[in-house]
Amino acid sequence: MRNLRRILDITWKYYVTNNTVLERTGVPSMFTLLKHKRMLWLGHVTPMDDGRIPKDLLYGELASGRRPTGRPQLRFKDAYKRDLKQMNIDINTWEAAAADRSAWRCKVQKGLQQFVG
């Protein structure tokens with residue numbers, strides 16, 4: 001943000017929000033970029049054959065063990081479920097949608113349009 005403000009010649013004297021700066025430059029926020037990359041990776045891993053390491057990590061569960069007390073740390077599975085919900089993609093049927101890669105990319109692009117300034 002500092003570099004974008006410097007390019008646009010916005011000094012600290014002016015009250016300009018980060019969202020306004022992003023709109024002026026046409027650059028998506030870091031959160032939008034992360035959501036996009038997560039969804040593309042999810043669409044890449046879903047059609048893989050069973051037994052591949054990335055797919056096993058995505059769908060795997062620990063057989064035993066305990067998590068520490070307090071707020072549980074966010075897992076990748078939690079993050080992509082939240083992203084799917086925010087992008088209005090059905091959580092129960094996303095795997096069928098991800099099977100067709102071009103349709104998945106279009107669906108992800110359409111869902112991300114609401115986050116782009």
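Throughout, residue positions are numbered sequentially from 1 according to the sequence presented. Computation of the quantities below employed the complete heavy-atom set of this structure, encompassing side-chain atoms and omitting hydrogens, waters and symmetry-equivalent molecules. Quick caveat, the model's predicted, so the values are computed rather than measured.
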How long is the straight-line distance from [atom2] of [Y] back to [atom1] of [X], given to the nearest 0.5 Å?
X	Y	atom1	atom2	result
Met39	Leu84	CE	CG	4.5 Å
Asp100	Lys107	CG	NZ	10.0 Å
Thr32	Leu34	OG1	CG	9.0 Å
Leu112	Gln86	CG	CD	10.0 Å
Met30	Leu22	CE	CG	10.0 Å
Asn3	Leu8	CG	CG	11.0 Å

Only counting residues at least two apart or in another chain, list the ones meeting side chain to side chain donor-acceptor pair (under 3.5 Å) with [X].
X	result
Asp90	Thr93
Thr25	none
Thr69	none
Asn18	Arg5

Under the salt bridge (Lys or Arg N to Asp or Glu O under 4.0 Å) test, residues paired with [X] that sit two or more places apart:
X	value
Arg75	Asp78
Lys85	none
Lys110	none

Checklist entry - Which is it for Leu58 and Met48 under the side chain to side chain contact (heavy atoms under 4.5 Å, CB included) test, yes or no, and what are the steps along the way? => result CA-CA 11 Å; Leu58 179 64; Met48 284 184 179; over 6 Å; no
Checklist entry - Can you list the residues that meet the side chain to side chain contact (heavy atoms under 4.5 Å, CB included) rule with Ala79, with sequence neighbours excluded? => result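 Per chain and number, Ala79 pairs via side chain to side chain contact (heavy atoms under 4.5 Å, CB included) with Arg38, Arg82.
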Next on the checklist: I'd like to check the side chain to side chain contact (heavy atoms under 4.5 Å, CB included) partners of Arg2; sequence neighbours left out, ordered by chain and number.
Outcome noted: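 Listed in chain order: Arg6.
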Next on the checklist: Closer than 3.5 angstrom, by distance alone: can the side chain of Lys55 be matched with the main-chain N or O of Thr46 as a donor-acceptor pair?
Outcome noted: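 Present.
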Checklist entry - Going by the ring pair (Phe, Tyr, Trp, His ring centres under 6.0 Å) test, which pairs reach into residues 43-89, not counting sequence neighbours? => result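 Residue pairs with at least one partner in residues 43-89: Trp41-Phe76, Phe76-Tyr80, Tyr80-Trp94.
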Checklist entry - For residues 6-35, which residue pairs qualify under ring pair (Phe, Tyr, Trp, His ring centres under 6.0 Å), counting only residues two or more places apart or in two chains? => result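 Listed by first then second residue: nothing to list.
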Next on the checklist: Run Leu42 and Val108 through side chain to side chain contact (heavy atoms under 4.5 Å, CB included) and show every step you take.
Outcome noted: CA-CA 11 Å; Leu42 192 62; Val108 168; over 6 Å; no
Checklist entry - Is there a chain of hydrophobic side chains (I, L, V, M, F, W, Y, each step under 4.5 Å between heavy atoms) that links Val45 to Ile91? => result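 Yes: a chain of side-chain contacts under 4.5 Å links Val45 to Ile91.
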Next on the checklist: Side-chain heavy atoms under 4.5 Å apart, restricted to Ile/Leu/Val/Met/Phe/Trp/Tyr: what other residues fall into the cluster of Leu57, or is it alone?
Outcome noted: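 Its cluster mates, by chain and number, are Ile53.
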